[in-house]
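Quick caveat, the model's predicted, so the values are computed rather than measured. The analysis underlying the following values was restricted to heavy atoms, covering all of them including side chains, and did not include hydrogens, waters or symmetry mates. Order of appearance sets the numbers: ligands from 1, and atoms from 1 within every ligand. FYI, the numbering just counts along the sequence from 1.
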Amino acid sequence: MDELFHYEAKKTKHLVRVEVTDEKITFLAVNAAAWVFEADIKDIVGCHLMKNVSLNDPYLRIFYYPFDDRRTRRRQIIVDLKPAGDKAYDDCLKIKLMILRASCGFPRDWSDYDTLKTIENLQKLIILINPKSGKGNARKTFTSKVVPLLSEANIGCDAVFTTGPNHARRLLKTMDLTVYRGIVVISGDGLLFEVINGLLEREDWETAIQVPLGIIPQGSGNGIARTLADAQNEPYHLDPVLTSTLNIIRARPKAVDLMRVLQRFPDESEKTYYAVLSVGYGLLADIDIESERLRSLGESRFTIWAVLRLIGLKTYRMKVSYLQAEPGDKGETQPQRLSPRLFRSTTEVEKPRNDELMRRTISADTNIISDPLEPFADNQIEYGDLAEDFVAADTFGPSSKYSPLTGEIPSDWVTIEGDFVLVYAVLQRFIGTDNMFAPKSKMDDGLIYLLLIRGDASRGQLFQFLTSFESGTHVDVPCCEMIPVKAFRLEPQTSEGNLTIDGEKVPTAPVQVEILPSFYRVFMR
Ligand code: ADP
Ligand code: MG
């Protein structure tokens, strides 16, 4: 390894030797005595071979996102490597391939450039953007932050702006997924919920649910994105979009637990949902839904409504039964069924209708860094018809281990009947950006955290409970019982009160909920 390069970043210039391993790139100065610089491979987003029109003077440009000194955020550093030897092009290509292999996990034997280019082009993302989520910035985030990062990483994408509820779910139900390396949502947890439910409405659900998912937080509720950042000790608040997009680029899929919720209505019809975060009934669900009216107040709407709700406190009569997890039970994390980064479906799936998908592929060419895309114009988007009844959908998925909702409660389950202030079952550590609801939860621990507050809790305790989610200390308030379970059944004895699944209102009727351990996959670094 004797290729020499001129290293140029910010104001630093050195003549260096370059070493690439699976963990780091080392730049060793050969001129100034002891200058050495090491870049963590995980922080490298992309490496481009740059050359001018006449193909002269090629050089490498590396996009690098290290922590700042206080580790509160990451910042971009561009490193240019200009070859000093006479085989400039070959030297550049060699280093580029080494970096890509280490950072993207390409197989060792893909040594030639053309194969690499083909593979890169194959691996595009499908990105779903909800322009109405949160503060309404998802479109701008996509064009001004996500597209430039993906271009640096040489990842192409097809983009769809969702036009309303159920658009994403319907799209995922029928879309050909074989050409995608993953599905990304730029929105809140609600759109992720739709994507997962859409995937589980496919006949090829077993393969489809293995497609890695990415989430770039732009909603009013971003529990999953926060949970991911928390799990990998990444800074979040200063730049959640960067943190989340880096996960998608690095693309190491990690399995995450899911909940299946079966609901039964008085007319004996049933409906299945898959929930990524929560199932709630009573006080918190009421606040979630009723405070929607105060949406314009932003985050403080929750607190205001909570105080109002405590004044006119309601309790609800219900029957709660659950299968408690054994102490020390780590859940039953299943082995990974599929590992390849490239998703290949064996089932023929219906092609999406053309009017549903607006395709726009980012230039995945490595020679020139393309200009940022012009913003998408509204008239480029085709609007499909939105009205569709969720109930009408058939859902697939694994068969249940537990007796049906109509059957007897199994003898090893605990049953409590009485008045409750609330029941709130959560899957992930964070159910909102600053809401650490289940401090002990791990993404794949195979456990649902069932929180119960009975009807005799005092207003003082409840106030304390409602004001301590951010720190996760609500679990220490005396009225709060937090029970790790594998499954539970909730049977409201009244039609009053809100029942929510992932924060969305559903009819108030009995539900049975079970854990599906390590069931879907998300992109991590
Ligand atoms: P937020 O956290 O802001 O509510 P979500 O991602 O949870 O953001 O979005 C909420 C819901 O908005 C989604 O579940 C989806 O059904 C719906 N939705 C998607 N696209 C649109 C749109 N263009 N207009 C209105 N609602 C939409
Ligand atoms: Mg869990």
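Ranked by closest heavy atom to atom 13 (C) of ligand 1, the top entry among E194, Q218, K132, R169 is E194. Remark: among candidates V160, N130, T162, the nearest residue to atom 10 (C) of ligand 1 is N130, based on non-hydrogen atoms.
Looking at ligand 1, you'll find an N or O of S187 within less than 3.5 Å of one of its N or O atoms. Note: an N/O pair closer than 3.5 Å links G134 and ligand 1 by distance alone. For ligand 1, the polar-atom distance check against S220 finds a nitrogen or oxygen pair separated by under 3.5 Å. When only interatomic distances are considered, the shortest N/O to N/O separation between G219 and ligand 1 does not fall below 3.5 Å.
With a heavy-atom cut-off of 4.0 Å, E504 does not touch ligand 1 at all. Heavy atoms of L191 found under 4.0 angstrom from ligand 1 belong to the backbone as well as the side chain.
In this structure, H167 falls outside the shell of residues with a heavy atom less than 4.0 angstrom from ligand 1.
Ring geometry for F437 against F465 counts as perpendicular: the plane angle is over 60°, on a 0 to 90° scale with 30° as the lower cut.
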Margin query: Walk me through whether D189 and I215 qualify under side chain to side chain contact (heavy atoms under 4.5 Å, CB included).
Written below: CA-CA 8 Å; D189 296 317; I215 178 152; 4.1 Å; yes
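In the vicinity of G221, heavy-atom distances shorter than 4.0 Å reach the ligand 1 atoms 2 (O).
Across R429, K254, R521, a single residue satisfies salt bridge (Lys or Arg N to Asp or Glu O under 4.0 Å) together with D444, and that is K254.
Residue F463 places its CZ atom among 12 or fewer non-hydrogen atoms of other residues, nucleotides or ligands, all under 6.0 Å distant. Within a 6.0 Å sphere centred on CD of E470, heavy atoms belonging to other residues, nucleotides or ligands number 12 at most. Under a cut-off of 6.0 angstrom, the local environment of NZ in K140 is sparse, with at most 12 non-hydrogen atoms contributed by other residues, nucleotides or ligands.
Using a 4.0 Å cut-off between a side-chain N of Lys or Arg and a carboxylate O of Asp or Glu, K145 and D239 qualify as a salt bridge.
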